[in-house]
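Everything below concerns the one structure shown next.
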Amino acid sequence: MATANKNLSVYDKSKIPNAKNLRFGIVVSQWNGGITEALYQGAEEALMDCGALPENVLRWDVPGSFELTFGCKKMIQTEKVDAIVAIGSVIRGETSHFDFVCSATAQGIKDLNVAYDVPVIFCVLTDDNIEQSKARSGGKHGNKGTEAAIAAIQMAVLGK
Ligand SMILES: Nc1c(NC[C@H](O)[C@H](O)[C@H](O)CO)[nH]c(=O)[nH]c1=O
Ligand SMILES: CC(=O)[C@@H](O)COP(=O)(O)O
C-alpha cells in the first residue's frame, strides 16, 4: 500500500503495548533539519502518548543520513536501549548521490538489525522533492516519525 493510501500518524493505541518500562534511542540526521525535526517531534510525541517516560528517550544527532548507521551502532554499544528510531530526510538532487546515500543508509541500518539484538527502525524519508518530505513529516500523509515510534514499541516488546 502506498503512503498516499494511508495516514502515517494513525494508530490504535489499544493495540500498542505500554512503553513505560522501555528505553528508546532516537538518532537524528541534521540534513534537511526542518523535516527531521518534524519527524522527531512525531516520534517523541507518539512514544509519550504510549507511556514512555521523558527520561527514557535518548536523542543523539548526526550530520547526515549516511552517519545514522555509525550513530546507531555506537548507541547500541554504549547505551542500554530497547529500540532505536533512526531519523533522516534524503531529497533527490542533480546527481546520483541520492541513490548512494539512500542505499547505503538502508543497508547499514538493516545490517545493524542483523548484527545486534536492538531493533533499529528505518525512519528515513527518501523523496524526490521537499513537497513529498513535508507531506510525510506532519503533512497530508501524516508523520513517519509517529509510525516509526509505534514500530519501535512493538519491536522492543517482541525483542524481549
Ligand atoms: N544530500 C543529503 C545528505 N547528504 C549527506 C550524507 O548523508 C553524508 O552526511 C555525507 O555524504 C558525509 O558522509 N544527507 C541527508 O541526510 N539528506 C540529503 O538529502
Ligand atoms: C541526496 C543528496 O546527496 C543530494 O541532495 C545531493 O544533491 P546533488 O545530487 O545535487 O549534489
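Ligands are counted one by one from 1 in listed order, and the atoms in each one are counted from 1 as well.
- Between Glu131 and Lys134 no salt bridge is recorded (no basic side-chain N to carboxylate O distance below 4.0 Å).
- Using a 3.5 Å distance cut-off with no hydrogens or angles, the side chains of Ser133 and Asp127 do pair a donor with an acceptor.
- Residue-ligand proximity, Ile91 to ligand 2, at heavy-atom distances under 4.0 Å covers atoms 1 (C), 4 (C), 5 (O).
- Proximity to His97 (heavy-atom distance under 4.0 Å) selects the following atoms of ligand 2: 2 (C), 3 (O).
- Using a 4.5 Å cut-off between side-chain heavy atoms of Ile, Leu, Val, Met, Phe, Trp and Tyr, with links allowed through other members, Leu39 and Val62 fall into different hydrophobic clusters.
- With 3.5 Å as the limit, one finds a donor-acceptor pair spanning the side chains of Tyr116 and Gln77.
- Scanning all protein heavy atoms for the shortest distance to atom 7 (O) of ligand 2 gives Gly93 CA, 3.7 Å.
- In the displayed structure, Asp128 atom CG is contacted under 6.0 Å by more than 12 heavy atoms of other residues, nucleotides or ligands.
- For the atom pair Ser89 OG and Ile130 CD1, the distance stands at 6.0 Å (nearest 0.5 Å).
- Counting heavy atoms only, Trp31 comes closest to atom 1 (N) of ligand 1 of the residues Trp31, Phe98, Phe66.
- Nearest protein heavy-atom neighbour of atom 11 (O) of ligand 1: His97 CE1, 3.9 Å.
- Salt-bridge annotation for Glu37 and Arg59: present, with a side-chain N of the basic residue lying under 4.0 Å from a carboxylate O of the acidic one.
- With hydrogens left out, the protein atom closest to atom 9 (O) of ligand 2 is Thr95 OG1, 2.6 Å, a heavy atom.
- Ligand-side atoms of ligand 1 in range of Gly64: 7 (O), 9 (O), 16 (O), range being under 4.0 angstrom from any heavy atom.
- The side chain of Val90, and not its backbone, has at least one atom closer than 4.0 Å to an atom of ligand 2 (non-hydrogen atoms only; side chain from C-beta on).
- Under 4.0 Å from ligand 1, heavy atoms of Ser65 appear from its side chain as well as its backbone.
- Between Val101 and ligand 1, no pair of N/O atoms sits closer than 3.5 Å.
- At a threshold of 4.5 Å between side-chain heavy atoms, the hydrophobic network of Ile, Leu, Val, Met, Phe, Trp and Tyr places Ile35 and Leu8 in two separate groups.
- Applying the 4.0 Å criterion to heavy atoms of Phe98 picks out, from ligand 2, the atoms 1 (C).
- In Asn32, the part holding a heavy atom less than 4.0 Å from any atom of ligand 1 is the side chain.
- For Arg23 and Glu79, the salt-bridge test passes: some basic side-chain N is under 4.0 Å from an acidic carboxylate O.
- Crowding of Phe66 atom CZ: a count of heavy atoms from other residues, nucleotides or ligands under 6.0 Å not exceeding 12.
- For the atom pair CD1 of Ile153 and CG of Asp49, the computed distance is 8.5 Å after rounding to the nearest 0.5 Å.
- Considering backbone and side-chain N/O atoms, Glu94 comes within less than 3.5 Å of an N/O atom of ligand 2.
- Ligand 1 places these atoms under 4.0 Å from at least one heavy atom of Ser29: 16 (O).
- Every N/O-N/O distance between Pro63 and ligand 1 stays at or above 3.5 Å.
- Looking at atom 9 (O) of ligand 1, its nearest protein heavy atom turns out to be Glu67 OE1, 2.7 Å.
- At least one heavy atom of Ser89 sits closer than 4.0 Å to an atom of ligand 1.
- With hydrogens left out, the protein atom closest to atom 19 (O) of ligand 1 is Ile91 N, 3.1 Å, a heavy atom.
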